[in-house]
2 protein chains.
Amino acid sequence: MEKNEKPYAATDLGIFRFAENMLQVYLVRLKMSPFPGKYSLPGALLQYDEDMAQAAERVYREATGQEAALFEQVYTFSAPNRDIRHRSISTAYMAFPQGDIDDFRPCDKYDFGGWFNAAEMSGLAYDHDEILALTRDRIAAKLNYTTIALLLLPKEFTLTEMQRLYEHCLERTLDKRNFRKKILSMEIVTPTGKMLRGQKARPAMLYQAVDRKMEMIPLFR
Amino acid sequence: MEKNEKPYAATDLGIFRFAENMLQVYLVRLKMSPFPGKYSLPGALLQYDEDMAQAAERVYREATGQEAALFEQVYTFSAPNRDIRHRSISTAYMAFPQGDIDDFRPCDKYDFGGWFNAAEMSGLAYDHDEILALTRDRIAAKLNYTTIALLLLPKEFTLTEMQRLYEHCLERTLDKRNFRKKILSMEIVTPTGKMLRGQKARPAMLYQAVDRKMEMIPLFR
DNA sequence: TGACTTAGTGTAAATTTTACAATATAATCC
DNA sequence: GGATTATATTGTAAAATTTACACTAAGTCA
């Protein structure tokens with residue numbers, strides 16, 4: 001930006017879920033310059049009557065056609081050259097879909113929207129590689145001291161799926177019996193009574209979150 | 001802001017220490033409108049050649065006359081009406097002084113600067129009551145899963161001081177023997193060999209941080 | 001129906017956490 | 001300088017949690 005010119009204020013949104021044994025992020029393909037055809041996190045400029053959280057919610061609607069999600073502010077990116085068109089600062093949010101994930105349909109700002117393996121994406125528009133990397137790190141950190149796993153999993157999930165989420169994001173294996181004992185002792189999930197059938201082997205009990213929100217796990221009990 | 005007008009970008013800084021058995025925040029008194037005579041967190045508009053972290057470091061220099069500190073981004077505040085003069089969004093940082101705390105001298109933007117009990121301040125300019133409250137909450141949360149205590153304490157401190165920091169910020173008492181056992185077992189502090197003398201009673205061993213930075217305390221070891 | 005795949009479970013040892021009280025060392029006050 | 005006061009420092013036994021570890025159960029698939 002020129003001296004004394006104000007930067008644009010924007011928000012970029014990392015929409016995440018754990019599915020197909022991956023941490024997946026929902027990316028959109030840009031139609032317009034400066035990166036036509038490139039993938040990016042959905043984003044938008046802040047509007048005059050919104051705060052950042054509202055802007056993030058609007059971006060969620062634009063990118064998915066859906067409403068229900070939980071949002072969490074992550075970080076504000078402000079490097080002077082992070083946007084080649086003009087100076088802009090972007091406040092990144094994470095979003096966790098609550099409603100029907102399979103009906104996502106981006107608005108016509110975008111060419112396409114879809115789920116990708118968050119660990120393998122690069123070459124995104126703007127500084128979105130960096131935003132994605134920091135947001136992934138934040139998710140991994142939060143797995144250690146919050147119940148963020150409940151937001152990444154679908155409404156109903158097996159304990160094996162939950163364990164795979166931890167193992168993939170923390171990049172380590174965990175003992176199956178000890179993991180189950182620990183999660184069950186926290187009383188954050190409850191069995192639905194339904195079984196996940198049609199897999200290759202023995203059906204697994206489906207669980208659901210007791211309370212589908214992110215809570216701190218205390219150090220001193 | 002008017003439609004299509006860009007907001008100002010700013011940063012506000014919560015400078016913290018634990019001293020005199022309190023979590024203290026360094027506040028400045030404003031000379032100019034719109035809040036002459038009111039206390040506030042030190043802050044400034046983002047300049048064209050800076051990112052937010054650099055702006056926060058500049059604000060630290062302006063407010064204290066000192067250089068050495070550690071910074072941590074906290075949250076970006078963006079309510080449309082948070083600044084009565086014009087729309088602005090502010091990215092709040094926490095700062096932890098590293099150098100000589102007793103030589104703080106604010107630049108002439110400010111009338112006065114001094115340390116206050118962070119738990120008791122209200123009536124600050126702008127939305128700084130809210131920024132301060134959220135930042136205090138963040139510090140309390142981080143005491144539970146990071147070594148942020150090392151940044152709040154002076155270079156040399158007693159284990160009793162450290163325990164008081166936890167007790168004040170977490171608003172609960174902790175057993176003295178168990179606290180010391182736990183902290184020492186973490187191997188994040190080491191005795192200096194020097195004693196704190198001149199108190200009312202038996203001198204206490206002074207400790208220092210092994211590594212004066214904020215690190216995560218892992219959930220799964 | 002036999003082979004394969006994933007779900008689900010228990011226990012003993014080690015470690016950590018918790019609850020709890022007496023002694024040590026200085027300053028202060030007569 | 002002796003008594004009093006205030007805070008620092010330390011250990012242990014019980015409880016709880018964590019860890020390491022391997023087999024059976026219940027489906028699918030060829």
Side-chain angles (χ1 to χ4, degrees), chain A residues 18-22 143-145 147 149 153-154 156-168 170-208 216-221, chain B residues 18-22 143-145 147 149 153-154 156-168 170-208 216-221:
Chain A
F18 187 74
E20 302 167 31
N21 291 331
M22 292 177 279
L143 282 170
N144 279 309
Y145 63 90
T147 57
L153 290 163
E156 302 189 334
F157 52 86
T158 67
L159 294 185
T160 298
E161 279 183 273
M162 190 174 188
Q163 183 176 345
R164 293 222 176 94
L165 164 56
Y166 276 87
E167 290 182 331
H168 278 77
L170 301 182
E171 298 180 276
R172 54 179 298 200
T173 60
L174 296 168
D175 180 82
K176 189 200 295 205
R177 280 166 294 189
N178 294 341
F179 179 81
R180 295 163 99 90
K181 230 182 309 177
K182 178 149 193 160
I183 296 298
L184 293 174
S185 77
M186 289 174 153
E187 300 181 17
I188 57 175
V189 300
T190 180
T192 62
K194 286 184 271 181
M195 305 297 281
L196 179 64
R197 296 178 179 280
Q199 303 305 106
K200 264 178 278 191
R202 177 174 173 176
M205 176 62 71
L206 285 163
Y207 287 78
Q208 61 191 341
M216 295 274 175
I217 301 164
L219 176 63
F220 298 105
R221 221 139 334 189
Chain B
F18 187 73
E20 301 166 30
N21 290 330
M22 292 176 280
L143 281 169
N144 278 309
Y145 63 90
T147 57
L153 291 163
E156 302 190 334
F157 53 86
T158 67
L159 293 184
T160 298
E161 279 183 273
M162 190 172 188
Q163 184 176 347
R164 293 221 176 93
L165 164 56
Y166 276 87
E167 290 181 332
H168 278 79
L170 301 181
E171 298 180 278
R172 55 180 297 200
T173 60
L174 296 168
D175 179 82
K176 192 199 292 208
R177 281 166 292 189
N178 295 340
F179 179 82
R180 295 162 97 90
K181 230 182 311 177
K182 178 150 192 160
I183 296 297
L184 292 174
S185 78
M186 289 175 154
E187 300 182 19
I188 58 176
V189 300
T190 179
T192 63
K194 285 183 272 184
M195 306 296 283
L196 180 65
R197 295 179 178 280
Q199 302 304 106
K200 268 179 273 192
R202 175 173 173 175
M205 176 62 71
L206 285 164
Y207 287 79
Q208 61 190 344
M216 296 274 175
I217 299 164
L219 176 62
F220 299 104
R221 221 139 336 191

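Every chain is numbered from 1 and lettered A, B, ... according to where its sequence line falls, protein lines coming before strand lines.
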The side chain to side chain donor-acceptor pair (under 3.5 Å) partners of B:Glu156 (sequence neighbours excluded) come to B:Lys194
I need the minimum non-hydrogen distance between B:Phe157 and B:Met162, along with the two atoms involved.
CE1-SD, 4.0 Å
Whole-Å distance separating the NZ atom of A:Lys176 from the P atom of D:dA20:
17 Å
Atom-pair distance (CZ on A:Phe157; P on C:dT6), nearest Å
20 Å
The criterion is side-chain contact (heavy atoms from CB on, under 4.5 Å); which residues satisfy it with B:Thr158, sequence neighbours excluded?
B:Thr160, B:Glu161, B:Leu196, B:Ala204, B:Leu206
Taking atom P of D:dT7 as reference, at what distance in whole Å does atom CD of B:Glu161 sit?
13 Å
Is any side-chain nitrogen or oxygen of A:Thr160 closer than 4.0 Å to OP1 or OP2 of C:dT6?
no
Of all the heavy-atom pairs spanning B:Arg164 and B:Asn21, show the shortest one and how long it is.
CD-OD1, 3.2 Å
Separation of atom CD in B:Gln163 from atom P in D:dT7, rounded to whole Å:
13 Å
With B:Lys176 via side-chain contact (heavy atoms from CB on, under 4.5 Å) - residues at least two apart:
B:Gln163, B:Arg180
Determine, step by step, whether B:Met205 and B:Met195 satisfy the side-chain contact (heavy atoms from CB on, under 4.5 Å) criterion, reporting the C-alpha distance in whole Å, the side-chain angles of both residues, the deciding distance to 0.1 Å, and the verdict.
CA-CA 5 Å; B:Met205 176 62 71; B:Met195 306 296 283; 3.8 Å; yes
With the criterion being N/O to N/O and under 3.5 Å, what pairs connect the protein with nucleotides 12-15 of chain D, and how long is each?
unit_1: D:dT12; atom_1: O4; unit_2: B:Lys181; atom_2: NZ; d: 2.8

Between A:Thr192 and A:Tyr207, which heavy-atom pair has the shortest distance, and what is it?
CG2-C, 3.8 Å
Criterion side-chain contact (heavy atoms from CB on, under 4.5 Å) on B:Asn144 and A:Met216, from CA distance to verdict:
CA-CA 9 Å; B:Asn144 278 309; A:Met216 295 274 175; over 6 Å; no
Check every atom of C:dT17, C:dG8, D:dT10 against the side chain of A:Arg180 and return the nucleotide holding the closest atom.
C:dG8
Whole-Å distance, B:Met162 CE to D:dT9 P, equals 14 Å
Quick one, which residues of residues 196-208 of chain A touch DNA chain C with a heavy atom under 4.0 Å?
A:Lys200, A:Ala201, A:Arg202, A:Pro203, A:Ala204, A:Met205
With sequence neighbours excluded, what pairs up with B:Ala19 under the side-chain contact (heavy atoms from CB on, under 4.5 Å) test?
B:Arg17, B:Gln24
B:Leu184 atom CG is separated from C:dT17 atom C1', nearest whole Å, by 15 Å
Between C:dA7 (C1') and A:Phe179 (CZ): distance, integer Å
14 Å
Separation of A:Arg177 atom CZ from C:dT11 atom P, in whole Å?
12 Å
